[in-house]
Protein chains: 4
Amino acid sequence: MNKWIGTGRLGQDPEIRYTSSGKCVASFNLAVTEGYGDKQVTNWIPIVAWEKLAESAGNNLSKGSRVLVDGRIQIRSFEANDGSKRRVAEVVAQSIEFLERKQAAAGNSGEIDINSFGKEVFPDEEIPFS
Amino acid sequence: MNKWIGTGRLGQDPEIRYTSSGKCVASFNLAVTEGYGDKQVTNWIPIVAWEKLAESAGNNLSKGSRVLVDGRIQIRSFEANDGSKRRVAEVVAQSIEFLERKQAAAGNSGEIDINSFGKEVFPDEEIPFS
Amino acid sequence: MNKWIGTGRLGQDPEIRYTSSGKCVASFNLAVTEGYGDKQVTNWIPIVAWEKLAESAGNNLSKGSRVLVDGRIQIRSFEANDGSKRRVAEVVAQSIEFLERKQAAAGNSGEIDINSFGKEVFPDEEIPFS
Amino acid sequence: MNKWIGTGRLGQDPEIRYTSSGKCVASFNLAVTEGYGDKQVTNWIPIVAWEKLAESAGNNLSKGSRVLVDGRIQIRSFEANDGSKRRVAEVVAQSIEFLERKQAAAGNSGEIDINSFGKEVFPDEEIPFS
DNA sequence: TTTT
DNA sequence: TTTT
């Protein structure tokens, strides 16, 4: 058994890519907050989804959306910029329950989409597991 | 919610340390195998336990012991050897069910020395999360 | 290990009682729906919470509220009306995450009265486990 | 989400039946024990498995076997002996990890199979949920 | 980087 | 009804 269940909010819109064989992959970081008051702690947990689940995430989720994820931890090897071999971990989603869906696109409502002015940088850094 | 539940075997004896304030900390890597036949995949997941749970792990577990762990994913910051800041992830155990306890020391019984069946190296490297 | 994790909506306002020793107990049935389209199935799962968690449920939840429950299955003995001994099961909540809080009382807002959308009867019958 | 994860030991050999359409069904009660020392509590949780999983349970498990079950709670309607309609609950297994397999049949070892002399009665009673 |  |  290798099961992770967690709730949180997306730190950014899901990033959608396609493998060379055409499989859809969605990835995002999830802010998982535990505790109350001044004991609150947030862990940013990287989530990956594949195929139909990835497409659904792309269609239904955006920055700030709240989700319930059921998945497993996966350790993945990759080559760092300096050529060294590293391992990274992430949660591969098996199901995602949408607790809050995508916000309406800016222009569809009277609201300004504050997310479209963001300038934050999300370095493509790999977060080590262990 | 931030919950991980997994089963596996310890890759090495638990490493027991004490913080400067005297708290006991146990850490080990868990081989979590999923799938059947030639679709088997093993993820090595780093586990950390604190205080009474850590002491209990130290007293009852050894390399090869099978456990059921209930815990949460934690992302931890640390400074790499080159001075750069990195984040690592691990599972902080909330409970550990011992499915197989510590083996008697080799030589004390007619049993196989469980320590003899693997030569894998577990470098003290930090495994990235994401 | 004995852990249940589920999401759903309350079928009625939580019922709040106090034991003779003054402990608060909340109970409600949770509509847990799985599957999609015409394969949707709903199971009504009885939830019980104690003390602070019960008070919090009473203050924050009402019929239709969506929750994420983490708890354990408990089998409880009781005497049926005909004097026979029966066992019932329920989920004893260890934590409840409020995905939607209590609705304002009907008439206070332009919102639909969430209490109007169902006519199901929840007899105070004991639902057998097994 | 409707997920139960639990560990325990089978109270009896799995009961194997087949539906009229030929599907295999296995059922057994699981002794799920929590707590330590004199605070130990055991809940007997009914488990049902279908098809390949049921066959595997029949082939690998027996009274006393330790398992890790991943499944969901299901409420099922049935007609009681007195003609009244009742609902029962059980855990429908989605996966079963065998932590201890079937005992060798009596006669295969020097051990007496104490289980073959049992006279306990397991009434086909339905345990209510709620 | 999310939110309350 | 299981086990430690």
Side-chain angles (χ1 to χ4, degrees), chain A residues 6-15 27-47 61-69 98-100 102-103 114-115 117-125 127, chain B residues 1-2 56 60 75 77 87 97-101 130, chain C residues 1-2 60 75 77 87 97-101 130, chain D residues 6-15 27-47 61-69 98-100 102-103 114-125 127:
Chain A
T7 45
R9 291 180 186 276
L10 278 73
Q12 71 278 87
D13 291 350
E15 182 174 354
S27 54
F28 53 85
N29 288 308
L30 196 65
V32 177
T33 301
E34 295 170 272
Y36 298 92
D38 52 352
K39 286 192 175 178
Q40 276 202 338
V41 175
T42 296
N43 284 286
W44 286 96
I45 297 183
I47 311 289
L61 300 176
S62 64
K63 180 176 179 173
S65 297
R66 193 176 194 185
V67 292
L68 170 60
V69 174
F98 306 134
L99 305 177
E100 281 179 25
K102 202 166 198 162
Q103 303 297 323
I114 196 172
N115 295 323
F117 298 105
K119 289 184 186 173
E120 305 90 341
V121 174
F122 299 102
D124 198 25
E125 154 200 28
I127 309 172
Chain B
M1 172 166 295
N2 174 358
S56 176
N60 292 288
I75 311 290
S77 290
R87 287 178 292 168
E97 207 165 298
F98 306 135
L99 305 177
E100 282 177 23
R101 299 193 172 247
S130 171
Chain C
M1 172 167 296
N2 174 359
N60 291 289
I75 311 289
S77 290
R87 287 178 292 168
E97 207 165 299
F98 306 136
L99 305 177
E100 283 178 22
R101 299 191 173 250
S130 171
Chain D
T7 45
R9 289 179 187 278
L10 278 74
Q12 72 278 88
D13 289 352
E15 183 174 353
S27 53
F28 53 86
N29 288 307
L30 195 66
V32 177
T33 301
E34 296 170 272
Y36 297 92
D38 53 352
K39 286 192 173 177
Q40 276 203 336
V41 175
T42 295
N43 284 286
W44 285 96
I45 298 184
I47 310 289
L61 301 176
S62 65
K63 180 175 181 175
S65 297
R66 194 176 194 186
V67 292
L68 169 62
V69 175
F98 305 135
L99 305 177
E100 283 180 22
K102 202 165 198 164
Q103 302 298 324
I114 197 171
N115 295 323
S116 64
F117 298 105
K119 289 185 186 172
E120 305 90 340
V121 174
F122 300 101
D124 199 24
E125 155 200 25
I127 309 171

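Source: prediction; values computed, not measured. Lettering of chains follows the sequences in order, A, B, ..., and the numbering in each one begins at 1.
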Inset, instruction - For Arg9(D) and Gly64(D), work out which heavy atoms get closest and say how close. - result: NH1-O, 3.1 Å

Send over the distance from [X] [atom1] to [N] [atom2], rounded to a whole Å.
| X | N | atom1 | atom2 | value |
| --- | --- | --- | --- | --- |
| Glu97(B) | dT4(F) | CD | C1' | 11 Å |
| Asn29(D) | dT2(F) | CG | P | 11 Å |
| Leu10(A) | dT2(E) | CG | C1' | 8 Å |
| Leu68(A) | dT3(E) | CG | P | 19 Å |
| Leu99(C) | dT3(E) | CG | C1' | 13 Å |
| Asp13(A) | dT2(E) | CG | P | 12 Å |
| Glu34(D) | dT4(F) | CD | C1' | 15 Å |
| Leu61(A) | dT2(E) | CG | C1' | 13 Å |

Legend entry - Option among Thr7(D), Thr42(D), Asn43(D) that satisfies the side chain to side chain donor-acceptor pair (under 3.5 Å) test with Thr33(D): Thr42(D)

Legend entry - Sidechain-backbone polar pair: Asp13(D) side chain, Ser62(D) backbone, donor-acceptor under 3.5 Å: no

Legend entry - Which nucleotide in dT2(F), dT4(F), dT4(E) has an atom nearest any side-chain atom of Gln40(D): dT4(F)

Inset, instruction - Starting at CG of Asn29(D), measure out to NZ of Lys63(D) and round the result to the nearest 0.5 Å. - result: 12.0 Å

